[in-house]
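What follows is one structure encoded as structure tokens, with my remarks underneath.
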Amino acid sequence: MKNITSKYKKGLQFLFLLATAAIYTDVTYAQQQHLIPYVQPFSGTSASTTLASQHIEDKTERLANTIPAVAPPFSMTQWTPQTQLTEKKCLAPYYYNNKKFYGFRATHWISGSCTQDYGSFTIMPISGQLKTKATQYAEDYLHQNEISTPSYYKLKLPQHQLLTEITASLRSGVMRITALKTDSVYILVTPNSDQNKGFIQVNAEKGEISGYNPVHRIYQGWGEPAGFRGYFFIRFKKAFTSAGVYSEDLISNKQNISNKKDIGAFAGFKLQKGEQLIVYSGTSFTSIDAAKANLESEIKNEDFDAVVAKTNQIWEKSLSQVSITDTNEKGKKIFYTALYHAMQHPRLYNDVDGKYPQFDGKYQNKIINKGNYYDDFSMWDIYRAQLPLIELLKPNLANSLVNSMILKGQQGGWMPIFPCWNSYTAAMIGDHTTAFIASAYNKGIRNYDVNEAYRLMRQNAFQMPDSADYLNGKGRRGINSYLKYGYIPMDDSIPNAFHKREQVSRTLEYAYDDYALASIAKDLGKEADYQQLRKRSLNYQNIFDPGVGMVRGRFANGSWYKPFYPDHREPYITEGTPRQYTFYVPHDMPGLIKLMGGSKNLENELDSLFDKKEYWHGNEPGHQIPFLYNYTSSPWKTQLQVSRILAEEYGDGAGGLSGNDDAGQMSAWYVFAAMGFYPVDPVSGNYQLSSPLFKQAVLSFNNGKKLTIIAIKKSTKSIYSSKIILNGKPFTKNQITHQSLVQGGKLIFYLQDQPARLRIMK
């Protein structure tokens with residue numbers, strides 16, 4: 001990737017100057033940094049090449065599964081070059097090492113996930129004879145023929161002698177196709193259904209193609225209709241010379257086709273060499289008419305370069321919320337790429353008029369009158385750092401996200417655990433919608449009905465849904481066992497879930513969620529709930545075995561699961577090992593330390609984890625672990641391990657992420673850690689300090705204040721903090737509050753080459 005970036009540096013600079021010249025004329029913007037060229041959209045599109053990823057047992061988890069997405073932050077639809085035809089689970093639309101190009105996909109792939117795409121469609125330009133089978137029209141493509149930024153993608157197709165470019169707004173896209181020779185050109189439009197479903201129609205008289213791809217559920221209720229569709233409306237600025245529909249290679253001059261294998265529509269044109277064809281596309285989750293209205297509102301007939309410039313401006317504004325000053329160009333590329341990845345999701349779901357598909361509905365629509373409605377919350381992953389990053393930089397968006405969760409709970413009857421595809425899923429474990437809402441609430445983000453939020457969260461924490469609702473994915477998995485025993489015993493295999501068993505991990509994460517809900521109960525004056533939830537937050541103690549000094553599977557009679565393998569994937573642990581998950585008590589580290597026999601033992605266990613190379617950065621269960629040395633007498637080891645992970649587990653190549661990016665969680669970890677702090681317990685509003693990577697970072701908050709983080713190093717190798725100064729006064733703690741950060745000012749770290757052995761007090 002480094003070579004690729006260098007190879008196209010001049011092209012990117014020209015593109016950026018061309019686009020910005022159309023709109024950035026004021027002096028204020030001219031004084032800002034140009035940050036888009038630092039973003040490398042191909043990062044994470046190939047198998048991980050980082051050190052720790054080579055040791056994991058499941059090689060599929062070495063795929064970061066990001067895509068070179070073109071769209072503004074948090075858009076309804078991203079546009080990506082397509083190198084995979086399927087919408088099957090764990091196959092992203094684009095992989096860097098694939099050799100075939102199948103078109104531009106309007107995708108709803110969850111960036112960095114191992115899920116599946118849905119409601120997507122693909123536009124493929126070809127020349128010469130009309131071909132409608134993918135194996136016939138697919139283009140062999142080379143990376144030296146492509147340029148990718150967050151707002152623009154360009155690819156030359158040598159076989160078809162076409163130059164293709166695409167850009168996008170929140171809900172719409174525009175493509176520019178330039179003929180490199182005089183020839184017939186066809187635009188193929190394909191709804192991407194793996195179930196041979198969907199509808200598409202062509203109107204040659206109006207120069208339009210439209211249709212939809214039905215969405216089907218995943219995980220709980222797998223394969224059932226999700227109650228909405230991905231709709232599209234496409235308009236051309238040039239009259240058709242031919243048009244029709246097809247299924248595989250069976251071509252028809254009919255106006256529409258539905259529910260057959262590999263259906264599509266085509267529009268034919270005659271282009272002279274150098275002539276350009278503009279293709280406008282609108283998307284929606286509610287109707288074709290809404291997709292058209294979204295396009296007319298956002299782009300209409302706007303010039304291609306003007307759309308690029310507007311989307312550039314949006315990305316520049318978002319990226320510049322953290323302005324880095326440093327000579328470390330590689331580090332800045334990784335940082336702004338991480339920020340780009342952390343701003344893909346959750347996904348905007350409502351149209352420009354506020355209409356959106358009802359959550360867990362049956363093709364009913366609702367209207368949101370205030371803010372926007374969002375979905376695709378990879379909640380088990382993103383409550384840790386990606387959502388806290390939104391809370392820090394974009395609190396108004398965070399407020400809309402909380403309100404979206406409340407609407408889901410009201411419409412479906414239960415607060416969802418892992419809401420994706422606008423449905424209940426029962427995916428992963430925990431009940432981290434509660435953790436997210438508590439995190440936002442405790443940071444003062446409260447422009448929603450908190451009492452309604454509390455009612456729904458409390459229902460999850462105290463009640464078992466009826467059998468039909470439970471099978472539909474509602475409620476906490478294993479809640480009855482958890483309430484009865486104070487942990488989920490091995491006897492309960494959690495049969496009605498995509499992730500079965502995993503009893504110990506569930507117990508640990510429910511304990512954290514109980515703590516989160518307790519914090520809101522206390523603030524709302526619900527004393528009885530508070531006391532009960534606070535007690536339940538200590539349930540992690542019930543699955544800690546003093547005999548081995550770690551968490552362990554336990555039966556209902558109190559006996560421990562045997563044999564015990566601390567460093568193997570065990571059935572009672574989620575995507576990790578007992579050793580790794582033992583450190584997941586972010587809300588009560590003093591209690592965990594006591595169970596472990598004191599802070600020195602905690603330090604020894606952390607040392608052992610890293611010495612054995614059992615820390616794997618490519619998955620979420622361990623993301624807080626490097627910061628736990630702050631609870632020992634050696635906080636310098638947090639600075640050591642975080643600095644090492646920043647250097648070893650992130651790169652500027654296509655394989656530069658350790659594992660699934662999971663809707664930006666892996667990337668958000670880098671953003672926080674590079675700034676010098678991390679939300680080990682986001683509900684508390686505290687961040688554990690490490691040491692900043694860059695010479696200077698300026699954070700701009702929506703309250704108009706700025707925080708300048710400065711690292712004064714004795715040498716280029718300095719990573720250890722000797723003292724910290726906050727707004728001119730010595731700062732003697734190793735954690736800092738959210739409110740201290742957003743009040744702005746200056747936070748200075750003095751760094752040296754050797755560890756500072758003195759304990760920094762909490």
Side-chain angles (χ1 to χ4, degrees), residues 1 38-53 56 58-71 73-75 78 80 83-84 89-97 107-117 148 150 318-319 333-347 376-390 418 420 427-428 432 575-576 616-624 645-646 648-674 678-679:
M1 186 63 176
Y38 285 107
V39 177
Q40 300 179 90
F42 296 121
S43 177
T45 62
S46 183
S48 176
T49 56
T50 68
L51 292 178
S53 69
I56 66 170
D58 187 348
K59 301 303 182 185
T60 64
E61 292 179 0
R62 288 173 54 186
L63 291 170
N65 277 341
T66 59
I67 58 174
V70 175
F74 310 103
S75 292
Q78 285 82 29
T80 181
T83 65
Q84 295 279 356
K89 186 177 184 294
C90 291
L91 286 176
Y94 179 95
Y95 289 107
Y96 190 78
N97 293 325
T107 179
H108 304 121
W109 174 257
I110 300 177
S111 177
S113 71
C114 189
T115 54
Q116 67 189 47
D117 207 347
S148 182
S318 286
L319 295 172
K333 290 176 185 176
I334 298 171
F335 182 89
Y336 286 112
T337 300
L339 200 52
Y340 157 75
H341 282 146
M343 292 184 179
Q344 299 294 317
H345 305 295
R347 181 184 310 286
D376 286 349
F377 290 77
S378 189
M379 194 62 80
W380 182 77
D381 310 286
I382 62 177
Y383 85 93
R384 304 166 195 264
Q386 191 262 349
L387 288 174
L389 185 62
I390 293 174
F418 192 99
C420 291
M428 300 309 296
H432 298 317
E575 297 183 5
W616 174 38
H617 193 66
N619 210 347
E620 281 67 30
H623 274 190
Q624 81 285 358
I645 293 167
L646 287 171
E648 293 181 358
E649 295 306 313
Y650 295 84
D652 62 346
L657 287 169
S658 291
N660 293 169
D661 195 40
D662 287 320
Q665 166 59 27
M666 191 78 61
S667 293
W669 192 99
Y670 187 94
V671 172
F672 271 120
Y678 184 83

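In this chain, numbering begins with 1 at the start of the sequence shown.
Taken to the nearest 0.5 Å, the CZ atom of Phe335 stands 10.5 Å off from the CG atom of Leu646. Rounded to the nearest 0.5 angstrom, His345 NE2 and Phe74 CZ are separated by 10.0 Å. To the nearest 0.5 Å, atoms CD (Gln40) and CD1 (Ile334) are separated by 7.5 Å. Asp381 contributes atom CG, which lies 8.0 Å from atom CG of Asn660 (distance to the nearest 0.5 angstrom).
Side-chain contact between Ile67 and Trp109 is present, with at least one heavy-atom pair separated by less than 4.5 Å. The shortest distance between side-chain heavy atoms of Leu91 and Asp117 does not fall below 4.5 Å. Within the 4.5 Å cutoff, the side chain of Pro346 has no heavy atoms near those of the Asp376 side chain. Contact annotation: the side chain of Trp380 approaches that of Pro621 to within less than 4.5 Å [non-hydrogen atoms, C-beta and beyond]. Here the side chains of Tyr650 and His617 are in contact, with some heavy-atom distance below 4.5 Å. Proximity of Asn65 to Tyr95: side-chain heavy atoms (C-beta onward) are separated by under 4.5 Å at one or more points.
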With side-chain contact (heavy atoms from CB on, under 4.5 Å) as the test, would you mind laying out the steps for Phe42 and Tyr94 before giving the verdict?
CA-CA 9 Å; Phe42 296 121; Tyr94 179 95; 3.2 Å; yes
Would you please test Leu389 and Met343 for side-chain contact (heavy atoms from CB on, under 4.5 Å) and show each step?
CA-CA 9 Å; Leu389 185 62; Met343 292 184 179; 5.9 Å; no
What's the verdict on side-chain contact (heavy atoms from CB on, under 4.5 Å) for Asp652 and Thr337, showing C-alpha distance, side-chain angles and the deciding distance?
CA-CA 9 Å; Asp652 62 346; Thr337 300; over 6 Å; no
Give the C-alpha distance, both sets of side-chain angles, the deciding distance and a yes or no for side-chain contact (heavy atoms from CB on, under 4.5 Å) between Cys420 and Thr115.
CA-CA 10 Å; Cys420 291; Thr115 54; 6.0 Å; no
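Using bins of under 30°, 30° to 60° and over 60° for the plane-to-plane angle, the ring pair Tyr678/Phe672 lands in the perpendicular bin.
Remark: side-chain polar atoms of Ser48 are paired, donor with acceptor, to backbone N or O of Leu657 under 3.5 angstrom. For Thr66 (side chain) and Ser43 (main-chain N/O), a donor-acceptor pair under 3.5 Å exists by modelled atom type. Looking at Tyr340, its side chain never comes within 3.5 Å of a backbone N or O of Tyr38 through a donor-acceptor pair. In this structure, the side chain of Arg384 does not engage the main chain of Pro679 through any donor-acceptor pair within 3.5 Å. At distances below 3.5 Å, not a single donor-acceptor pair connects side-chain atoms of Gln84 with backbone N or O atoms of Ala92.
Pairing each heavy atom of Leu63 with each of Ser46, the nearest pair is CD2-C, 4.4 Å. What you find for Met666 and Asp661 is that their closest heavy atoms are CB-OD1, 3.0 Å. Between Gly618 and Ser658, the closest heavy-atom pair is CA-CB, 3.6 Å. Residues Gly44 and Ala64 share a closest heavy-atom pair of O-CB, 3.2 Å. Nearest heavy atom pair, residue Ser318 against residue Leu339, reads O-CD2, 4.4 Å. Closest heavy-atom contact between Thr107 and Pro93: OG1-CG, 3.8 Å.
Side chains of Asp662 and Ser378: no donor on one and acceptor on the other come within 3.5 Å. Between the side chains of Thr50 and Glu649, at least one donor N or O sits under 3.5 Å from an acceptor N or O.
Of the listed residues (Gln386, His623, His341), just one forms a side chain to side chain donor-acceptor pair (under 3.5 Å) with Gln665, and that residue is His623.
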